[in-house]
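The structure appears right after this line, and notes come after that.
Hydrogens, waters and symmetry mates are skipped; everything else that's a heavy atom, side chains included, is used.
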Amino acid sequence: MLNSSGNLDAPPALRATTPGWRDPRLWIGVALVAVSVVVGARVVGGADESVAMWSVSRELAPGDVLEPSDLEVTRVRFAQPADARAYFGVDDELPADRYLLRGIGVGEMVPRAVLGAPSSDMAHVSVSVPSAQVPPSVRSGSVVDVWLAPRPGAENARARLAVSEVTVVEAPRASSGFGAEGQRQLVLGVTDEGVDLARVLTASGTDRLMLVGRG
C-alpha cells in the first residue's frame with residue numbers, strides 16, 4: 001500500500017515473546033515432562049525388582065544329587081517377593097544333603113523342598129511295560145500308579161492297583177531302552193509299604209502291567 005510519499009508501507013515487525021507463567025501451553029509442557037519422568041522411574045524401578053535365582057541346566061531325576069555344575073543363574077521377577085523364599089537364590093548356601101526328592105526339568109528353579117537326604121527304605125525297581133500302556137507324558141520325575149491286569153483266562157477278574165503314587169526314576173524312550181519289542185523299560189522308586197512288588201516283577205515284560213499318570 002502506498003503512503004503519501006509514494007512508498008510502500010512496511011508491515012510492523014512482530015517480536016518473539018516468551019510465554020508467561022499464565023500461558024496454558026507452558027503448564028501442558030511441564031505436565032508432559034513430569035509424566036515422562038514418573039513413567040521412566042517406574043520402568044527402571046520395575047526392572048530392578050528381578051532377583052537372581054538358581055535354575056538347573058539339565059533334566060534331573062529323583063535320586064540324583066544336585067551338583068554346582070548343574071546350576072545356572074536365572075533372573076526372575078516375583079509377583080509377591082515372599083514367593084522367592086521357596087526357592088534357592090544365588091546368595092543362598094546350598095544344603096549338604098542335595099538328594100532330589102523329585103525330578104526337576106531343564107530351566108526350572110530349584111525349590112527348597114525338593115532337596116533332602118535319601119530315603120533308606122526306597123528301592124529302584126526296573127520293570128518292562130507295554131509302550132501302549134505307558135502314558136506319553138510319563139518321564140523322569142512323573143508320579144504314577146501301577147495296575148495289574150488279570151491273568152489270561154481268569155474269570156470275573158478285574159485289574160487291581162499294585163503300587164500307588166510311585167515315582168518314575170528313569171524313563172528312557174522306547175527306542176533307547178532295552179527289552180522286548182513294544183516294551184518300554186522304566187525304573188521306579190518304590191518303598192516296601194503297601195507294594196505288591198513280587199506280583200509287579202512277575203508281570204514285568206508281559207501285557208499285564210499298566211501305568212496311570214498322576215503328574
Side-chain angles (χ1 to χ4, degrees), residues 55-67 69-71 86-87 94-215:
S55 63
V56 296
S57 58
R58 65 184 182 92
E59 184 171 308
L60 298 172
D64 287 346
V65 176
L66 182 68
E67 300 292 348
S69 59
D70 298 324
L71 299 173
Y87 302 90
L94 295 176
D97 292 325
R98 298 195 299 273
Y99 176 92
L100 289 180
L101 304 178
R102 71 163 177 83
I104 305 180
V106 177
E108 184 179 348
M109 291 187 298
V110 183
R112 294 179 181 273
V114 81
L115 299 183
S119 174
S120 60
D121 58 353
M122 176 177 286
H124 288 185
V125 179
S126 177
V127 295
S128 185
V129 185
S131 297
Q133 295 177 180
V134 179
S137 60
V138 168
R139 61 177 181 84
S140 297
S142 296
V143 178
V144 299
D145 291 339
V146 181
W147 287 75
L148 280 173
R151 294 180 181 276
E155 296 181 1
N156 300 323
R158 297 181 179 179
R160 65 185 186 84
L161 181 64
V163 187
S164 177
E165 297 186 12
V166 62
T167 299
V168 177
V169 178
E170 295 183 26
R173 304 308 305 175
S175 59
S176 60
F178 53 90
E181 183 178 359
Q183 298 283 319
R184 187 170 174 189
Q185 199 76 15
L186 301 173
V187 178
L188 308 178
V190 301
T191 61
D192 294 335
E193 183 180 355
V195 176
D196 196 345
L197 192 56
R199 292 183 182 273
V200 171
L201 293 177
T202 300
S204 177
T206 70
D207 293 334
R208 297 184 57 218
L209 282 185
M210 298 176 290
L211 297 188
V212 177
R214 282 180 170 265

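Rounded to the nearest 0.5 Å, atoms OH (Tyr87) and CZ (Arg112) are 11.5 Å apart. Within the model, atoms NE2 of His124 and CG of Leu186 stand 13.5 Å from one another, a figure rounded to the nearest 0.5 Å.
Closest heavy-atom contact between Leu115 and Asp97: CB-O, 3.9 Å. Here the closest heavy-atom approach between residue Pro135 and residue Gly213 is recorded as CG-N, 3.9 Å. Residues Gly107 and Ser55 approach most closely at O-CB, 3.6 Å, considering heavy atoms. Leu201 and Ser126 make their closest contact through CD2-O, 4.2 Å (heavy atoms, listed as atom of the first residue, atom of the second, distance). Heavy atoms only, all atoms of each residue included: Ser69 and Ser57 are closest at O-OG, 3.9 Å.
Each of Val200, Val144, Leu211 was evaluated against Val166; a single residue qualifies, Val144, per the side-chain contact (heavy atoms from CB on, under 4.5 Å) test. Partner of Arg98 under the side-chain contact (heavy atoms from CB on, under 4.5 Å) criterion, out of Val114, Leu66, Asp64, Asp70: Leu66 alone.
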Just do the side chain to side chain contact (heavy atoms under 4.5 Å, CB included) check on Val187 and Val168 with the steps written out, would you? CA-CA 6 Å; Val187 178; Val168 177; over 6 Å; no
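The environment of Arg199 atom CZ is sparse: at most 12 non-hydrogen atoms of other residues, nucleotides or ligands sit within 6.0 angstrom.
Looking at Pro130 and Gln183, their side chains come closer than 4.5 Å, going by heavy atoms from C-beta outward. Side-chain contact between Leu94 and Val110 is absent, with no heavy-atom pair separated by less than 4.5 Å. Inter-residue side-chain proximity for Met210 and Val146 is flagged as unmet; no heavy-atom pair is nearer than 4.5 Å.
Ser128 places no side-chain N or O within 3.5 Å of a backbone atom of Ser204 that could act as its donor or acceptor partner. A donor-acceptor distance shorter than 3.5 angstrom exists from the side chain of Arg208 to the backbone of Ala149, with no hydrogens or angles considered. Of the possible polar contacts, one joining the Gln133 side chain to the Leu209 backbone as a donor-acceptor pair under 3.5 Å is found.
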